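We use all heavy atoms of the structure for the numbers below, so side chains are in, but hydrogens, waters and symmetry mates are not. As the structure is a prediction and not an experimental result, all values here were calculated from the model.
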Amino acid sequence: MTSAEKQGPLSVYRLLPSMREFQLLHFDHSPVELMRWQLGGSVGEPPTDFHAEWGGDPRWPRSEFPNGDPSCPLLSGRIVDALGDELAAAGRLVRIDIDGGGIVGGDYFLHIVERVVDCFDEQRSSSPDQLGRIKESVFRPDALPVELAAFRFPQFPTAVCWNGWMVERLRGLLGEQLESRLVWSEDSELSPHPAPWGF
């Protein structure tokens, strides 16, 4: 991201698929190893073998952001073709296996966000709940990795955070397929979502 591309205040989001009528992808147990890798400090190579199947009414269109697990963002091949360079700066894109075999309707990729950045302000944020989720997050603007599309932070390593400039690009491509929850902004007039990491 260049300075010309950055617009508005620094902001951090969680992304989810829209609750509208779209088919979504549901993982089997394969993301468990990814979460262990994330919780273990992201040391060594992350797992790369992931399996999912479509759920929802088969008459509905398939979402291009089809999973809401904050540790496992999924993106369609179209989105990866459009934004792959920016996404790759934050981590690798791994093609997933859908329905245990050939992929129908195009490739889908799991974005394994490898960049973990110590930019969280623990003193001004709320304590994590029993699942590690943080209701009220504050980030240090001087340490925020604004050049990255997405990042993780040590205090909640299974949560992928998205910088506002990338969220705007994804909104432009995905429209009503995407829900974005504001986690934090340097603009005090913007109100974060009351439960950004909830279901």
Side-chain angles (χ1 to χ4, degrees), residues 1-3 5-19 22 24-25 31 34-35 38 42 46 63-94 108-121 125 132-187 190-199:
M1 181 188 69
T2 68
S3 58
E5 292 172 319
K6 180 193 165 197
Q7 296 180 1
L10 298 178
S11 300
V12 174
Y13 290 84
R14 178 200 177 175
L15 295 181
L16 301 98
S18 166
M19 292 295 101
F22 290 99
L24 302 179
L25 280 169
L34 175 63
M35 293 182 70
Q38 291 168 333
S42 305
S63 174
E64 293 187 84
F65 192 91
N67 185 272
D69 186 327
S71 65
C72 305
L74 291 176
L75 299 153
S76 72
R78 181 180 76 94
I79 302 303
V80 169
D81 287 345
L83 302 175
D85 290 343
E86 290 100 328
L87 295 167
R92 66 190 74 190
L93 292 154
V94 176
Y108 278 76
F109 296 83
L110 190 153
H111 188 25
I112 300 178
V113 175
E114 298 174 276
R115 297 289 298 273
V116 180
V117 181
D118 185 9
C119 57
F120 187 67
D121 189 333
S125 302
R133 298 174 302 194
I134 300 168
K135 185 175 181 180
E136 297 177 15
S137 298
V138 178
F139 293 89
R140 304 193 317 274
D142 62 318
L144 197 72
V146 293
E147 74 281 4
L148 297 175
F151 65 93
R152 295 184 292 118
F153 59 100
Q155 293 82 358
F156 190 10
T158 59
V160 171
C161 298
W162 297 84
N163 273 312
W165 64 268
M166 175 53 77
V167 173
E168 288 303 313
R169 291 191 183 185
L170 287 166
R171 285 175 180 155
L173 289 167
L174 293 167
E176 65 178 9
Q177 297 184 53
L178 190 67
E179 177 188 343
S180 57
R181 294 184 181 177
L182 182 64
V183 175
W184 169 86
S185 176
E186 65 179 348
D187 184 346
L190 296 178
S191 298
H193 190 281
W197 303 107
F199 297 106

Undergrad: Is the shortest heavy-atom distance from the side chain of S125 to the side chain of V138 under 4.5 Å?
TA: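 Yes, side chains in contact.
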Undergrad: Any idea how F65 and W162 line up, ring-wise: parallel (<30°), tilted (30 to 60°), or perpendicular (>60°)?
TA: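 Perpendicular: the ring planes of F65 and W162 meet at over 60°.
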Undergrad: What pair of heavy atoms forms the shortest contact from G77 to F109, and how long is it?
TA: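 Heavy-atom minimum between the residues: CA-CE1, 3.9 Å.
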Undergrad: Is there side-chain contact between R169 and L173, with at least one heavy-atom pair below 4.5 Å?
TA: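 No - every pair of side-chain heavy atoms lies 4.5 Å or more apart.
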Undergrad: Treating D118 as the side-chain partner and P154 as the backbone partner, does any N or O pair qualify as donor plus acceptor under 3.5 Å?
TA: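 Pair absent, no side-chain N/O of D118 close to backbone of P154.
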Undergrad: Kindly indicate whether the side chain of W184, heavy atoms from C-beta on, has any atom under 4.5 Å from the side chain of P192.
TA: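 No; the side chains remain at least 4.5 Å from each other.
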Undergrad: One pair to check against side chain to side chain contact (heavy atoms under 4.5 Å, CB included): C72 and L34. What are the steps and the verdict?
TA: CA-CA 8 Å; C72 305; L34 175 63; 3.8 Å; yes
Undergrad: Are the side chains of S137 and F120 in touch, meaning some heavy atoms are under 4.5 Å apart?
TA: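 With C-beta onward as the side chain, the pair touches.
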Undergrad: Let me confirm one number: the OG-CG distance from S63 to L16, rounded to the nearest 0.5 Å.
TA: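 Answer for the OG-CG pair, S63 versus L16, is 10.5 Å.
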Undergrad: I need the L75 CG to L93 CG distance, nearest 0.5 Å.
TA: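 Nearest 0.5 Å value for the CG-CG distance: 7.0 Å.
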Undergrad: Between the side chains of S185 and S11, is a donor N or O closer than 3.5 angstrom to an acceptor N or O?
TA: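 Side-chain D/A pair, S185 to S11: present.
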Undergrad: So does D85 have more than 12 non-hydrogen atoms from other groups sitting under 6.0 Å from CG?
TA: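 Atom CG in D85 is not packed in, count stays at 12 or less.
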Undergrad: Testing the basics here: between R14 and P70, what is the closest heavy-atom pair and its distance to 0.1 Å?
TA: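 Residues R14 and P70, closest heavy atoms: NH2-CD, 3.5 Å.
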Undergrad: Please name the pair of heavy atoms, one in C119 and one in A143, separated by the smallest distance, quoted to 0.1 Å.
TA: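 Looking at all heavy atoms of both residues, the closest pair is CB-O, 3.5 Å.
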Undergrad: Are the side chain of N163 and the backbone N or O of W165 linked by a donor-acceptor pair below 3.5 Å?
TA: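 Such a contact is absent between N163 side chain and W165 backbone.
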Undergrad: Is a side-chain N or O of D121 found less than 3.5 angstrom from the main chain of R140, in a donor-acceptor match?
TA: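 Side chain of D121 to backbone of R140, a donor-acceptor pair under 3.5 Å: no, none is there.
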Undergrad: So which atom in A195 and which in R181 form the shortest heavy-atom distance, rounded to 0.1 Å?
TA: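 For A195 versus R181, the nearest heavy atoms are O-NH1, 3.2 Å.
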Undergrad: Hey, is the main chain of L10 close enough, under 3.5 Å, to the side chain of E186 for a donor-acceptor pair?
TA: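 Such a contact is found between E186 side chain and L10 backbone.
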Undergrad: Before giving the answer on side chain to side chain contact (heavy atoms under 4.5 Å, CB included), spell out for S42 and R152 the whole-Å C-alpha distance, their side-chain angles and the decisive distance to 0.1 Å.
TA: CA-CA 10 Å; S42 305; R152 295 184 292 118; 2.6 Å; yes
Undergrad: Closest heavy-atom contact between F139 and V183?
TA: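 Heavy atoms only, the tightest pair is CE1-CG1, 4.1 Å.
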Undergrad: Mind checking whether S180 and R171 have side chains closer than 4.5 Å, heavy atoms only?
TA: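 The answer is yes; the side chains approach within 4.5 Å.
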Undergrad: What's the shortest heavy-atom distance between L182 and V12, and which atoms?
TA: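 Looking at all heavy atoms of both residues, the shortest contact is CD1-O, 3.6 Å.
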Undergrad: Angle between ring planes, F153 versus F156, binned at 30° and 60°: parallel, tilted or perpendicular?
TA: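 Plane angle over 60°, so perpendicular.
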Undergrad: What is the distance from atom CG of L15 to atom CG of L178, rounded to the nearest 0.5 Å?
TA: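 Interatomic distance, L15 CG to L178 CG, rounded to 0.5 Å: 5.0 Å.
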Undergrad: After noting the C-alpha distance and the side-chain angles of L74 and L24, does the key distance pass the side chain to side chain contact (heavy atoms under 4.5 Å, CB included) rule?
TA: CA-CA 10 Å; L74 291 176; L24 302 179; over 6 Å; no
Undergrad: Return the OH to CG distance between Y13 and L170, rounded to the nearest 0.5 Å.
TA: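 CG of L170 is found 12.0 Å from OH of Y13.
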Undergrad: For the side chain of Q177 and the backbone of E64, is there at least one donor-acceptor N/O pair under 3.5 Å apart?
TA: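 The answer is yes, because a donor-acceptor pair under 3.5 Å joins these two groups.
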Undergrad: Mark yes or no for whether S18, through its side chain, and E176, through its backbone, hold a donor-acceptor pair below 3.5 Å.
TA: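 Such a contact is found between S18 side chain and E176 backbone.
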